[in-house]
Amino acid sequence: MSRTLIKDALHATAPMDAILLQGWVRTRRDAKAFSFIELNDGSCLKGIQVIADASLPDYAHITKANTGASLEVRGKLVESKGQGQKWEVVAETFTVIGEADATYPLQKKGHTLEFLREIAHLRPRSNLFGAVFRVRSRLAYAIHQFFQAKGFCYVHTPIITASDCEGAGELFRVSTLDPLNPPKTEQGAIDYTKDFFGKQAYLTVSGQLEAEIFATALSNVYTFGPTFRAENSNTSRHASEFWMIEPEIAFCDLAGNMDLAEEFVKYLIRDAKEHCAGDLDFFSKFVDKDLLARLDFVLERPFQRCSYTEAIEILGRSGKTWEHPVAWGDNLQSEHERFLAEEHFKCPVTVYNYPRTLKPFYMRVNADGKTVTAMDLLVPGIGEIIGGSQREERLDVLIENMRAHHLSEKEYWWYTDLRRYGTVPHSGFGLGFERMLMFVTGVANIRDVIPFARTPGTAEF
RNA sequence: UGCCCGGUAGCUCAGUGGCAGAGCAGGUGACUGUUAAUCACUUGGUCGCUGGUUCGAUCCCAGCCCGGGCAGCCA
């Protein structure tokens, strides 16, 4: 007999004379003549109720079917006589495969997220984390569906990179040199020409530059992979290792880029609502009561758009006192972004056309000469979830920007070649996958939407 | 990295300069088509670590370690 997943058993349309279930005991309630066992196999949030009658030959072992034990049950699927569930399984045999004694940390009680983080090897067995990681899986799939349906090509950009690209934050070094006894140059510096790749190498902070290569060949591409930032960031929305989706579109300007970002975010929300309804219900009950209403609200109306200059004006006349002063030419601080998304617009906002001096060299310079075609999508509760831009496609302007950013033209010879040969206007953005998950699930800490979080000082499991 | 808060039973927390507490979990028993069942009884402690003040420190002080929140960096 083949195993039936509990998800399928719960959705049965008729009783079954023979069923095989395998899973883990969530809780057991003993009566004098029988026991109720709630069995969960992770296929869905809900467990199924198993009735084990005291007349069963193995009933003496029922006390080993404790919370956390793995169990195999054969029996009949019948309509439940009790309230609270449609179906239940009357066991004919049950076998405790693996016992779980009283030291099992995940007892049937509420646990804090902080405690569960310390037992990241067991927390997927909890309701919350089972739900989070089912949604994570579903959205990863939906990302591919969204882009594939639009004819985008999935590109695997390298994880190890030798280009300190963008100068975007601190990089993790990849090296096989002996740290206690590295080869030295005559001047006494570490001689990286002796290192594995013959030069300094790092973990990628973005696949964008390589994605641009493919966009200028295959037109519409996207990447979806791990990204590494060695920043000493200790916040609920930063991780040292996270996953990022980076579409890159040829013949696309900033407006098209913003359109795609909005369509993409809404698609993912809609997909989660459609395919993870039970899990989202759970989040809205136990994590964030306003979750479903907020997701509907976001789906129902267009995202707001506002230029950086307009944003500065809005902040200036808000009547608020800011911890960080508002001035044209300064970065928008967290408090400013939160105000725009949560209080002023009360909905996701795309802020675009930032001062040139605040942004990286590859962003396209606007006609005013002062701003570049950057865009950030800010969402209530989380802040920046997407950052993107139209890229500078004019060779002379790009080179001028590189000089202004003190970047070596020689190092980026291949990047400038894209403008030297058949250049096209093109755009793209990066969506933080974990931040998107936070938004969809209502989970407030990025460490709780990634299976094994890597943050400064922590790389357990 | 800076500022703030916390660390007491397996978990969540209360508490006091003078015998270490509760709820849940665990154990035993009772009861029940139960639903994180219920009721009674019960086991369980390096009070984060090191040093200092004190007759006496879990409590006060200092340093360190760990966790969390916020800020910066960003997705």
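Naming convention: chains lettered A, B, ... in sequence-line order (proteins, then strands); numbering from 1 in each chain. These numbers come from a predicted model, not from an experiment.
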Quick one: label Gly110(A) by what it contacts on the DNA or RNA (base, sugar-phosphate, nothing), any heavy atom closer than 4.0 Å. base

Within the 4.0 Å heavy-atom criterion, would you say Thr458(A) contacts the bases, only the backbone, or no part of the nucleic acid? sugar-phosphate

Asp53(A) near the nucleic acid: base, sugar-phosphate alone, or nothing, with a heavy-atom cut-off under 4.0 Å? nothing

Have a look at Thr112(A) and say if it touches a base, only the backbone sugar-phosphate, or nothing, with a 4.0 Å heavy-atom cut-off. sugar-phosphate

For G69(B), does OP1 or OP2 lie under 4.0 Å from any side-chain N or O of Arg237(A)? no

In terms of side-chain heavy atoms of Asn445(A), which of G68(B), G33(B), G72(B) is nearest? G68(B)

In the structure shown, which nucleotide is the Watson-Crick or G-U wobble counterpart of U16(B), with both distances under 3.5 Å? none

Examine Phe147(A) together with Tyr154(A) and report whether their ring centres are nearer than 6.0 Å. no

What integer number of Å spans the P atoms of U28(B) and G44(B)? 16 Å

How far apart are the C-alpha atoms of Tyr202(A) and Gln200(A), what are their side-chain angles, what is the distance that settles it, and do they pass the side-chain hydrogen bond (donor to acceptor under 3.5 Å, both in side chains) test? CA-CA 7 Å; Tyr202(A) 310 91; Gln200(A) 300 192 60; 3.1 Å; yes

So which nucleotide from G69(B), A75(B), A37(B) ends up closest to the side chain of Phe242(A)? A75(B)

Could you tell me whether the phosphate oxygens of C31(B), OP1 or OP2, come under 4.0 Å of any side-chain nitrogen or oxygen in Lys32(A)? yes

Tell me the partner of U38(B), counting only Watson-Crick (N1-N3 plus N6-O4 or O6-N4) or G-U wobble (N1-O2 and O6-N3) with both under 3.5 Å; none if nothing fits. A30(B)

Looking only at atom C1', what distance separates C47(B) and G6(B), rounded to whole Å? 14 Å

Scan Asn234(A) against the nucleic acid and name what it touches under 4.0 Å (heavy atoms): base, sugar-phosphate only, or nothing. base

When you measure from the side chain of Asn331(A), which nucleotide among C74(B), U12(B), A37(B) comes out closest? C74(B)

For Arg117(A), which contact category applies under a 4.0 Å heavy-atom criterion: base, sugar-phosphate, or nothing? sugar-phosphate

Looking only at the side chains, is there a donor atom on one of Thr27(A) and Lys108(A) sitting less than 3.5 Å from an acceptor on the other? yes

When you compare C11(B) with G2(B), how far apart are their P atoms, in angstrom units rounded to a whole number? 30 Å

Pairwise 5' ranking along RNA chain B for Glu114(A) and Ala31(A), keeping only the more 5' one: Ala31(A)

Would you mind telling me which of A36(B), C73(B), G68(B) lies closest to the side-chain atoms of Lys108(A)? A36(B)

Please round to the nearest 0.5 Å and tell me the distance separating atom CD of Glu114(A) and atom CZ of Arg447(A). 9.0 Å

Using atom P of each nucleotide, how far apart are C24(B) and A20(B) to the nearest Å? 24 Å

Residues Lys266(A) and Glu262(A) bridged, charged N to O under 4.0 Å: yes

Atom C1', compared across U32(B) and A37(B): separation rounded to whole Å: 8 Å

Only pairs with both distances under 3.5 Å count, Watson-Crick or wobble alike; so what is the partner of G67(B) in this structure? C5(B)

Within 45 degrees of the ring normal and closer than 6.0 Å to the centroid, is that where the cationic atom of Lys150(A) sits relative to Phe146(A)? yes

5'-most by nearest nucleotide on RNA chain B - Gln333(A) or Glu434(A): Gln333(A)

Just to be sure I understand the rule, does Ser233(A) reach a base, reach only the sugar-phosphate, or reach nothing, if contact means heavy atoms closer than 4.0 Å? base

Please name the nucleotide paired to C74(B) by Watson-Crick or G-U wobble geometry with both distances under 3.5 Å, or report none. none

Specify the glycosidic conformation (syn or anti) of C19(B), with syn defined as within 90° of 0. syn

May I ask you to evaluate whether Arg447(A) reaches the phosphate of G68(B), defined as a side-chain N or O under 4.0 Å from OP1 or OP2? yes

Selection from C73(B), G33(B), G26(B) that lies nearest to any side-chain heavy atom of Gln107(A): G26(B)

For Ile386(A), answer base if it contacts any base atom (sugar-phosphate contacts may also be present), sugar-phosphate if it contacts only those atoms, and nothing otherwise; contact means non-hydrogen atoms under 4.0 Å. sugar-phosphate

Take Val155(A) and Ile213(A) through the side-chain contact (heavy atoms from CB on, under 4.5 Å) test and state the conclusion after the steps. CA-CA 10 Å; Val155(A) 179; Ile213(A) 293 174; over 6 Å; no

Of the listed C74(B), A75(B), A37(B), the closest approach to the Ala239(A) side chain comes from A75(B)

What nucleotide, of G72(B), C73(B), U12(B), holds the atom closest to the side chain of His324(A)? G72(B)

OP1 or OP2 of U34(B) sitting under 4.0 Å from any side-chain N/O of Ser35(A)? no

Contact under 4.0 Å: Ser334(A) side-chain N or O vs A71(B) OP1/OP2: yes

Base, sugar-phosphate, or nothing: which does Glu241(A) touch, judged by heavy atoms less than 4.0 Å apart? nothing

